[in-house]
Amino acid sequence: MQITAPMRDDGRIIIHFDYDCFYAAVFEREDPKLKSLPLAVQQKQIIVTCNYEARRRGLYKLQLVREARKRCPDVIIVLGEDLTRFRNASKDNYNFLRSYTWSNKVERLGFDEVFMDVTDVIDYNVGLLNYNDLVTSFFHLDRNDPTIGFHCDASRVFGRTFPKHLESCETAAVSITNTSCNDFEDLLLRLRLGSHLAEHLRHQLEEQKGYTSTVGISTNKLLSKLVGNVNKPKNQTTLLPPYSSPQGGAASNVTNFIDDHDIGKIPGIGFKMAHKIRNYVLGRPAAFDAGLVYGPTKENVKVRDVRTLDGMGPELLGRLLAGPGVPKDLGEKVWGLINGVDVTQVAKAKAVPQQISIEDSYIKLDEVSQAKKELGMLARSLVKRMRMDLTSPIEDDNLGRDLEEDDEDQVQTGSAVTSLRWMAHPKTLRLSTRPRLALNPDGTRSRTFNRISKSTNMPTFVFGFTQGVDVIADKMVEETLLPLFHKLHPEKSGWNLSLVNLCATNMSPTASDAKDGAGRDIGRMFKKQDDMLREWKVEDVDIAPSDEDENDQQKGINGLDAGKTVVGQEHTLALTSVGSEDLLDFTQETLQEDVAWDSDDDTQNLGESCRICGAVMPSYAMLAHERFHDLPD
DNA sequence: GTGTGGTAG
DNA sequence: CGTTCTACCACAC
């Protein structure tokens, strides 16, 4: 049975960014002295990432803190459990990159990766090239201003490539026909331009934002992401043509590139699917069952082994992977992936996230009183995040000026911001827990569930601005979260939770945002968040550093949080960083401006609050505001 | 609409 | 493997 590869469409140019050891880079940027030192970022008992100086000394991602200290006693370890600074830096970088696109096709993946679809920018520049002098080309970044851009040598690729050297169209033996040779030349030219744009963006990102990155350039998300990994850090790699070959021959660089990847390394093929595929390829009986003992017994299955297996194709893959809950067209999708085909679009920038979730993990959490306290902490974080990420300022039109035109001082004092409005309402509040898997007396283990959850309507009072975060959070605990918690855990005791998660989801855009969809307000939103962060007076707190890890672990529910006190009403967020107090200057950005919703005193002067969403605004604005709620979703 | 599970970093 | 703290999607019910 001969199964043909899925058809290629290489009309796009996609750039994938991956900021180098991002969490560590955020701290390094705050304190450049850290750059030359081994630096690791800790969450609970693990090192979530570390800089290259630390990696040189044998440290690595997801290493246990104890192990890391043993291996490198002088490592500087900073706490990274509060994600605010990472989230903010991530959005700032994202927003910066977004400003270079024309299509707004810019998608974040986690905090440290960004895809950009720059097809339109590339095609525009292809049209303006002088083919008689590619060496001294000018790359245009603005369709309306021909002076904006940079010089580049469009006769060659910038940076590294896969494979390392380009074959000519003829030697690559793409085809005997002229059309394929033209395809080769056309794709090569667009990739070259993509590589120069990528270099420019990397350079600007480093100069203006202080982050180095590793970048891949190709024609879809899959390939650009994978090819970036070939040269890291601080580098870029372009996947060279030819991308297709006449009869599935050996000429395709896509096939040559992707074939050498372990099947589990392909984005979209996770642990479970890789396991199923490996089992089949290795032959059902033999390879399995030694599975629980891990170590060097791991058998490698490459994409090549899967792709070239007799009878392999979308149908077989579909049967292999079938099961309850698996998408119907998974076979097609995976067959595409192992052939380097990925038709998924780079998503356009969105004004609001689909969901906001907050979670914390615990060594021991087995009493209702503890649970209630933790729910309070989580609820406070959630309400703050909702206000930060789901609201945007409403200006007082009578002042006759636009927020964007105000200078920084005015924005910081909040004088131009009279109130906030919700860009979207999460309709659902979900509480999830992960019980510790306890062995029953008879040796059987209760179900292998990871998380269990209960959800309910988001109470409307969380959308009000007249009450403070703490008041709303406490109310949420009493009226909503504790009932949910008792549904999940009816017993007074006998449970022990390793994780608690709160999620605001089922996002419903506010009418004005539903109309223009992807984010006209995005720039303003980010601006506002920067301002909001200044609300937090961040200062060191006088707590003895705990140098024993087991100390932290045994504190259980309080754990590391003991050194990180949040004093809500005073807006004081005190941080300690274990083992590195003197190296970090958290107080640099201390500012104490209030924003409109911060205090009841402020808001009471502003007018009335909307009966539907609680937004506070002058009376004259209320009529217009309430009309938004009447529009269909 | 509710709950679970898989994917990603 | 899972450790962390998320975010998104799709399915079964």
Side-chain angles (χ1 to χ4, degrees), chain A residues 16-19 21-23 41-49 60-68 79-84 86-87 90 107-115 221-222 225 229 264-276 291-295 297-298 321-330 333-334 337 344 347 350 352-363 378 381-382 385 389 427-434 436-437 447-458 484 487-488 498-508 549 553 559-560:
Chain A
H16 174 260
F17 281 80
D18 188 334
Y19 314 134
C21 36
F22 181 58
Y23 282 15
V41 181
Q42 173 185 18
Q43 285 174 346
K44 297 291 154 64
Q45 76 270 39
I46 62 171
I47 299 300
V48 289
T49 196
Y60 50 90
K61 286 181 180 175
L62 305 189
Q63 190 176 32
L64 288 171
V65 170
R66 296 193 63 80
E67 218 178 299
L79 277 187
E81 289 168 22
D82 183 341
L83 303 186
T84 307
F86 310 131
R87 183 180 298 115
S90 172
E107 183 181 352
R108 272 203 307 167
L109 183 54
F111 283 174
D112 71 335
E113 292 182 37
V114 172
F115 291 99
K221 289 168 72 176
L222 199 227
K225 177 176 165 67
N229 293 330
K265 291 285 173 47
I266 303 302
I269 302 179
F271 178 75
K272 304 273 187 183
M273 279 170 51
H275 194 62
K276 289 180 185 175
L292 285 183
V293 187
Y294 45 84
T297 60
K298 191 166 91 182
L321 303 172
V326 314
K328 182 72 175 70
D329 58 347
L330 193 61
K333 192 188 137 195
V334 172
L337 293 180
T344 60
K350 286 180 177 55
V352 294
Q354 291 298 300
Q355 62 180 39
I356 296 174
S357 71
I358 304 282
E359 69 186 37
D360 207 347
S361 57
Y362 309 92
I363 302 299
L378 293 170
S381 300
L382 185 68
R385 281 287 311 284
D389 293 354
K427 296 201 290 255
T428 304
L429 176 64
R430 182 170 62 220
L431 172 66
S432 309
T433 65
R434 186 177 64 201
R436 272 227 150 50
L437 5 85
R447 279 173 304 162
T448 167
F449 55 58
N450 254 342
R451 280 144 116 104
I452 51 178
S453 69
K454 290 289 174 194
S455 55
T456 187
N457 286 343
M458 181 68 72
L484 285 178
K487 272 204 231 175
L488 283 174
S498 62
L499 179 139
V500 179
N501 172 292
L502 286 190
C503 181
T505 185
N506 199 1
M507 207 64 73
S508 163
D549 293 329
Q553 288 172 28
L560 298 172

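Naming: A, B, ... by sequence-line order, numbering from 1 per chain.
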Between B:dA8 and A:Lys225, is there an OP1 or OP2 to side-chain N/O distance shorter than 4.0 Å? no
Could you tell me which residues satisfy ring-ring contact (aromatic ring centres under 6.0 Å, His included) with A:Tyr23, sequence neighbours excluded, listed by chain and number? A:Phe86
To the side chain of A:Arg434, which of C:dC5, C:dT3, B:dT7 is closest? C:dT3
Between the CE atom in A:Met507 and the CD1 atom in A:Ile356, the distance rounded to the nearest 0.5 Å is 5.0 Å
Which whole number of Å gives the distance between the P atom of C:dC1 and that of B:dG6? 14 Å
B:dT7, B:dT4, C:dT6: which one has an atom nearest the side-chain heavy atoms of A:Ile452? B:dT4
Rounded to whole angstroms, how far apart are CD1 on A:Ile46 and P on C:dG2? 13 Å
So which nucleotide from C:dT4, C:dT3, B:dG9 ends up closest to the side chain of A:Gln43? C:dT4
Would you mind telling me which of C:dC5, B:dT4, C:dC1 lies closest to the side-chain atoms of A:Phe271? C:dC1
Can you name the one residue among A:Arg434, A:Lys44, A:Arg385, A:Arg451 that meets salt bridge (Lys or Arg N to Asp or Glu O under 4.0 Å) with A:Glu359? A:Arg451
Let me know the distance between CG of A:Asn501 and C1' of B:dT2, rounded to the nearest Å. 15 Å
Taking for each residue the nucleotide of DNA chain C bearing the nearest heavy atom, is the 5' side occupied by A:Arg385 or by A:Gln63? A:Gln63
Rounded to the Å, how far apart are A:Leu321 CG and B:dG6 P? 13 Å
With the side chain counted from C-beta on, respond yes when A:Val114 and A:Leu109 share a heavy-atom pair under 4.5 Å apart, and no when they do not. no
How long is the straight-line distance from OG of A:Ser381 back to CG of A:Leu83, given to the nearest 0.5 Å? 10.0 Å
Residue A:Lys44, side-chain heavy atoms: nucleotide from C:dT6, B:dG3, C:dT4 that is nearest: C:dT4
Counting any heavy atom closer than 4.0 Å, what does A:Leu62 reach on the DNA or RNA strands: base, sugar-phosphate only, or nothing? base
Spell out protein contact along nucleotides 8-13 of chain C as letters: B when the base is contacted, S when just the sugar-phosphate is, - when no protein heavy atom is under 4.0 Å; keep the 5' to 3' order. BSSSS-
Report yes if at least one side-chain N or O of A:Ser357 is closer than 4.0 Å to OP1 or OP2 of C:dT6; otherwise report no. no
Could you check how far NZ of A:Lys272 sits from P of B:dG5, rounded to whole Å? 9 Å
Would you kindly give the CZ-to-C1' distance between A:Phe115 and B:dG9, to the nearest whole Å? 11 Å
Could you check whether A:Ile266 gets within reach of a base, just the sugar-phosphate, or nothing at all, counting any heavy atom under 4.0 Å? sugar-phosphate
Using the C1' atom as the reference point in each nucleotide, state the distance between B:dG3 and C:dT4 in Å, no decimals. 23 Å
Please check: side-chain N/O of A:Lys454 versus main-chain N/O of A:Leu488, any donor-acceptor pairing under 3.5 Å? no
Any side-chain N or O of A:Ser361 under 4.0 Å from OP1/OP2 of C:dT4? yes
Establish, with yes or no, whether the OP1 or OP2 oxygen of B:dG3 is under 4.0 angstrom from a side-chain nitrogen or oxygen of A:Lys454. yes
Quick one: label A:Arg87 by what it contacts on the DNA or RNA (base, sugar-phosphate, nothing), any heavy atom closer than 4.0 Å. sugar-phosphate
Considering every strand and a 4.0 Å limit on heavy-atom distances, what is the contact class for A:Leu64: base, sugar-phosphate, or nothing? nothing
Taking only the side-chain heavy atoms of A:Ser453 (C-beta and beyond), determine which of B:dT4, C:dT3, B:dA8 contains the nearest atom. B:dT4
Below 4.0 angstrom from OP1 or OP2 of B:dG1, is there any side-chain N or O of A:Ser455? no
Starting from C1' on C:dC5, measure out to CG on A:Asp112 and report it in whole angstrom. 13 Å
Contact under 4.0 Å: A:Thr428 side-chain N or O vs B:dT2 OP1/OP2: yes
Using a heavy-atom cut-off of 4.0 Å across all strands, would you classify A:Phe111 as base, sugar-phosphate, or nothing? nothing
Answer yes or no: is there a donor N or O on one side and an acceptor on the other, between the side chain of A:Gln43 and the main chain of A:Gly80, under 3.5 Å? yes
Inter-residue atom distance A:Thr344.OG1 - A:Lys221.NZ, 0.5 Å rounding: 4.0 Å
Atom OG1 in A:Thr505, atom CE in A:Met458: separation rounded to 0.5 Å? 8.5 Å
Whole-Å distance separating the CD atom of A:Gln45 from the P atom of C:dC5: 9 Å
In whole angstroms, how far is the P atom of C:dT4 from the CD1 atom of A:Ile358? 16 Å
